[in-house]
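Structure, as structure tokens:
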Amino acid sequence: MTTHLQVAVIGGGVTGTAILLALAREGLTDCMLFERTELTAGATWHSSGHIAHYTTSPLLTGYAARTSAFVRSVMGEVDQDVSLIDLGSLRLATSREAYDTFGRFVETTGGLACDARMLSAQDVADMWPLAHVEDTFGAMHVAADCRLNPADLTQAYARAARQRGATVRRGVEVTELKQRPGGGWTLSTSDGTWTADHVVTASGIFARRTLPMLGVDLPVAVVSHQYLVTEPVPEIVQRRANGAGPLPILRQPDIGMNIREEGDGFCISLYEQNATTVFPDGPPERWGMELFPEDFDSIEAGFLTAMERVPCLGEAGIRTTVHGPMPWSPDFFPMIGPVPGVQGLWVAEAMSYGVTWSGAAAEILASWIAHGDPGEDTSAVSPARFGAYAKSAWADERALGTYKGVYGDGAKDLSVPQSEGHDILLARGAQFKEHDGRALATHVDAIPASGPEVAICVLPQPHVLRAQGVDLDAVLARVLSDFVPPTPTQEGGGWLLSPRGTILAHIRTVMAEPGGAIDLILDAGCPRGAADTLRSRCPNLNFNDQPDEALIVMGRDPDMVARALSVPNDLVQGHVVSHNLGAGGQASRSSDLDGHARWYLRHPNRHHRAVLEALMDALPTAAILGHSDYESLRISAGEARVGHELDANTTPTGTRISGAFPGEPARADLCRFRIAERHDARVHPDTILRDADDAIVGRIVSVTLEGNDLIGIAAVSPEAQSQDGPISVRIGETDHRVMLRALAVDQGRSVGRHATTKRFEAVK
Ligand SMILES: Cc1cc2nc3c(=O)[nH]c(=O)nc-3n(C[C@H](O)[C@H](O)[C@H](O)COP(=O)(O)OP(=O)(O)OC[C@H]3O[C@@H](n4cnc5c(N)ncnc54)[C@H](O)[C@@H]3O)c2cc1C
């Protein structure tokens, strides 16, 4: 007998069970979780069970805070002790640089999301008297960090899901998955066949077995990691006898150490010098709750340093070593969301910090499956974020690099695929960063204080889909709000919105063949999953990815640029012409940027080098600007862009809903701001703005320097903006007088020339 399910979840670790619960909370109770052996049997049972809030990404910090709340809500729902202890943690700053980095986190995110604050070395000594910390600059205290028993948490998730009507099948392995002709899936298992509208995989360390079964190729990896548990330590026994409370978790990032009390001793983990990836083809078929042999050699050097920090550690015998596999992602961020191009298939894989992110991953997926909308911008965790280069060997290499970055002393310098023309920029002294797994030039030539006369700007690769099908314009008009069809000489465009009416992407459209295919251009800032949403909303259209590159050419003298591109200078905005640079491509005139006429160039990537060379010949005085340089000009001109200032919490009419963390205004609008003269060197995007009474009034979204002035774009509460003249804001410990000027968000090519509010309201 085949039974039909709304959702089938594969994997009974901390992630899969959390998803089952979140689905049930959304009212999807016709759901079943399949676990091949016992719940927790993957990486979960041997995890140390910390919920760790600090990362360099506010998004992931938010996921930890959300999981913490999710865990507490489950504790109120079921009678299952998860041994949660609110220990808090201390992150030692062994260098001035580390102290500044943590200070920045406190100012931008940690102060709101996880009760983080900076402490002096003396404060740390008082809190952790068993450690020598005189040589440190102090530490960051994260009060919200906690520990729990991950196996008990998994059981609690499962129990709460069952209580709401969902089903857990232990000892049932999913062995085959097939898409059904009318939509949905057929699952063959070791105990019968099932059909389901949706399948979610949360198969952790088994992902390299599960995903190929689905014909899916995602760059998931598995890294081995270990911790040691010591015999009782007399100093801990004594503290207990004296009635002292538990010590916070103590972390020392430069040796990847975290140490906390466990029983009457310590539990300690250290970065492994010989860290390796394991299971290149997935775990062996019969892999059970097994561990790897102890590998003390790889942590010996770190252990010696740890003994200097915590001398009583040297007296303690090692009772147990727990050395096991854990899923890991090439860029540390998990993969949460729909699988590109496959209907009804969702993943929560590569959960590097699975305990810490389980609740957030579960709520995002459940909301997406139940309402067709994740409710937030998930592009940073989109499974679609990697390109064709992201194969298993690449994933393993990158995973080791980021593992070193997270647990060790910094990211390994790994080569990444380069775009055509990389050598030209390199020879010009360009700096690069990795962007979506490719090298992207950030800074090339120096920009004069007065701005460049003429410039060639390097952009990240746009995502271009060539769409073909019957009634193309009509179909696009149904899925894109405010759609304007392209003509042979004029770009069109429209907004891709979520069911809640917030922006997923602004899409420019260009006619590829008269009366035929249309190219849909999603600029690089658009959420990576937007292309898939578009595909799924137009099931009858054919889409082909176009490997295109883009450049912007701009100059104060429009004639000069037009001559160089061999295009007329009387083009109106959005007018498309072909240019004959290199092997050719398209140019379209966009709005002026701060007194510069601006053209957007697009061409197949095999011609990119030739186009760049031809441009440099035609405009020998042009400055070449890396992407960060160009962004500075854009921010300075107050042009808001989708995927930067306008994100998935923004509606096309410009209101940015903020309130991601407690205390933030629930509604905020985008404003330009300027802080004249000496700026605080520690002002960064995401810095929280407070008024003179310390109330939170907004958040900096983008920031750049103009001479000595700090300028940028901020999301600010309407009340703060309505005040006349400058307002006083506190950034860190310094008060500044700040001029705010509301931004008209419909300016600029990338935000769309056709914005009206009429149809957006219909979509909402
Ligand atoms: C030493 C160590 C310490 C760690 N400490 C922490 C920490 O402090 N905090 C933290 O957040 N993370 C920590 N982690 C990482 C954490 O353990 C993992 O991120 C987390 O357990 C991943 O959970 P998961 O549910 O995604 O995957 P898994 O736990 O691997 O679960 C996957 C499940 O899917 C099942 N499965 C697979 N294929 C099938 C199939 N075909 N049919 C049915 N079932 C299937 C498996 O049996 C398994 O139970 C640590 C890891 C290690 C190794």
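All ligand and atom numbering here is 1-based and tracks the order in the structure.
- In Y353, the parts holding a heavy atom less than 4.0 Å from any atom of ligand 1 are both the side chain and the backbone.
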| Residue pair F266, L228: steps toward the side chain to side chain contact (heavy atoms under 4.5 Å, CB included) verdict | CA-CA 8 Å; F266 288 118; L228 315 176; over 6 Å; no

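- The closest protein non-hydrogen atom to atom 51 (C) of ligand 1 is M326 SD, 3.3 Å.
- The N/O atoms of H225, backbone and side chain alike, include none that comes under 3.5 Å of an N/O atom in ligand 1.
- Interface of G324 with ligand 1, defined as ligand atoms under 4.0 Å from a residue heavy atom, comprises 53 (C).
- Using a 4.0 Å cut-off to heavy atoms of M351, the atoms of ligand 1 that qualify are 18 (C), 19 (O), 26 (O).
- Under a 4.0 Å heavy-atom criterion, P150 is not in contact with ligand 1.
- Side-chain contact of E349 with S203: a donor-acceptor pair under 3.5 Å is present, judged by distance alone.
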| So D115 and H141, side-chain hydrogen bond (donor to acceptor under 3.5 Å, both in side chains) or not? Walk me through it. | CA-CA 8 Å; D115 205 1; H141 181 245; over 6 Å; no

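- With a 4.0 Å cut-off on non-hydrogen atoms, P325 touches ligand 1 through its backbone and not its side chain.
- Judged by distance alone, with hydrogens and angles left aside, the side-chain atoms of Q163 form no donor-acceptor pair with the main-chain N or O of V78 at under 3.5 Å.
- For ligand 1, the atoms sitting less than 4.0 Å from at least one non-hydrogen atom of Y227 are 1 (C), numbered in the order shown with element in parentheses.
- Proximity of I51 to ligand 1, defined as any heavy-atom pair under 4.0 Å, is not found for any part of the residue.
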| task | Determine, step by step, whether S269 and H50 satisfy the side chain to side chain contact (heavy atoms under 4.5 Å, CB included) criterion, reporting the C-alpha distance in whole Å, the side-chain angles of both residues, the deciding distance to 0.1 Å, and the verdict. | result | CA-CA 12 Å; S269 77; H50 297 141; over 6 Å; no

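- Counting heavy atoms only, H50 comes closest to atom 9 (N) of ligand 1 of the residues H46, H50, E176, M213.
- The contact set between ligand 1 and G12, taken as ligand atoms under 4.0 Å from a residue heavy atom, comprises 33 (C), 34 (O).
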| task | Mind running side chain to side chain contact (heavy atoms under 4.5 Å, CB included) on Y157 and L20 for me, showing each step along the way? | result | CA-CA 8 Å; Y157 285 160; L20 190 71; over 6 Å; no

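- Figure legend: cation-pi geometry between R25 and F70, with NZ or CZ positioned under 6.0 Å from the six-membered ring centre and within 45° of its axis.
- The closest side-chain donor-acceptor pair between E272 and H225 falls under 3.5 angstrom.
- Using a 4.0 Å cut-off between charged side-chain N and carboxylate O, R164 and E26 make no salt bridge.
- The pair R385-D331 counts as a salt bridge, with a side-chain nitrogen and a carboxylate oxygen less than 4.0 angstrom apart.
- The aromatic ring centroids of Y353 and F332 lie less than 6.0 Å from each other.
- Considering backbone and side-chain atoms alike, I205 places an N or O below 3.5 Å from some N or O of ligand 1.
- Note: Y403 and W328 have perpendicular aromatic rings, judged against thresholds of 30 and 60 degrees for the angle between ring planes.
- Of all atoms in ligand 1, listed by their number and element, those nearer than 4.0 Å to a heavy atom of V14 are 23 (O), 25 (O).
- The protein heavy atom nearest to atom 45 (C) of ligand 1 is R36 CD, 3.6 Å.
- The closest donor-acceptor contact from the side chain of T402 to the backbone of A399 lies under 3.5 Å.
- Under the 4.0 angstrom criterion for non-hydrogen atoms, V172 is in contact with ligand 1.
- Here the protein heavy atom with the shortest distance to atom 38 (N) of ligand 1 is F206 CB, 3.7 Å.
- Scanning all protein heavy atoms for the shortest distance to atom 42 (N) of ligand 1 gives V174 N, 3.0 Å.
- Regarding atom 48 (C) of ligand 1, its nearest protein heavy-atom neighbour is E35 OE1, 3.4 Å.
- A donor-acceptor pair under 3.5 Å is absent between the side-chain atoms of T189 and the main chain of V174, judged by distance alone.
- Closest to atom 27 (O) of ligand 1 by heavy atom, among A151, A348, G204, is G204.
- Between T40 and ligand 1, not a single N/O pair is under 3.5 Å apart.
- Using a 4.0 Å cut-off to heavy atoms of T356, the atoms of ligand 1 that qualify are 9 (N), 10 (C), 11 (O).
- Using a 4.0 Å cut-off to heavy atoms of G49, the atoms of ligand 1 that qualify are 7 (C), 8 (O).
- When the options A43, S352, S358 are ranked by their closest heavy atom to atom 15 (C) of ligand 1, first place goes to S352.
- Considering only non-hydrogen protein atoms, atom 24 (P) of ligand 1 sits nearest to T15 OG1, 3.3 Å.
- Side-chain contact, W194 with H4: no donor N or O sits under 3.5 Å from an acceptor N or O.
- Distance from atom 21 (O) of ligand 1 to its nearest protein heavy atom, with residue and atom name: T44 OG1, 3.0 Å.
- Two rings, from F279 and W287, have their centers less than 6.0 Å apart.
- Every atom of ligand 1 is numbered from 1 in the order shown, and the set under 4.0 Å from a heavy atom of G354 is 11 (O), 12 (N), 18 (C), 19 (O), 20 (C).
- Remark: minimum distance from atom 31 (O) of ligand 1 to any protein heavy atom is reached at G13 CA, 3.6 Å.
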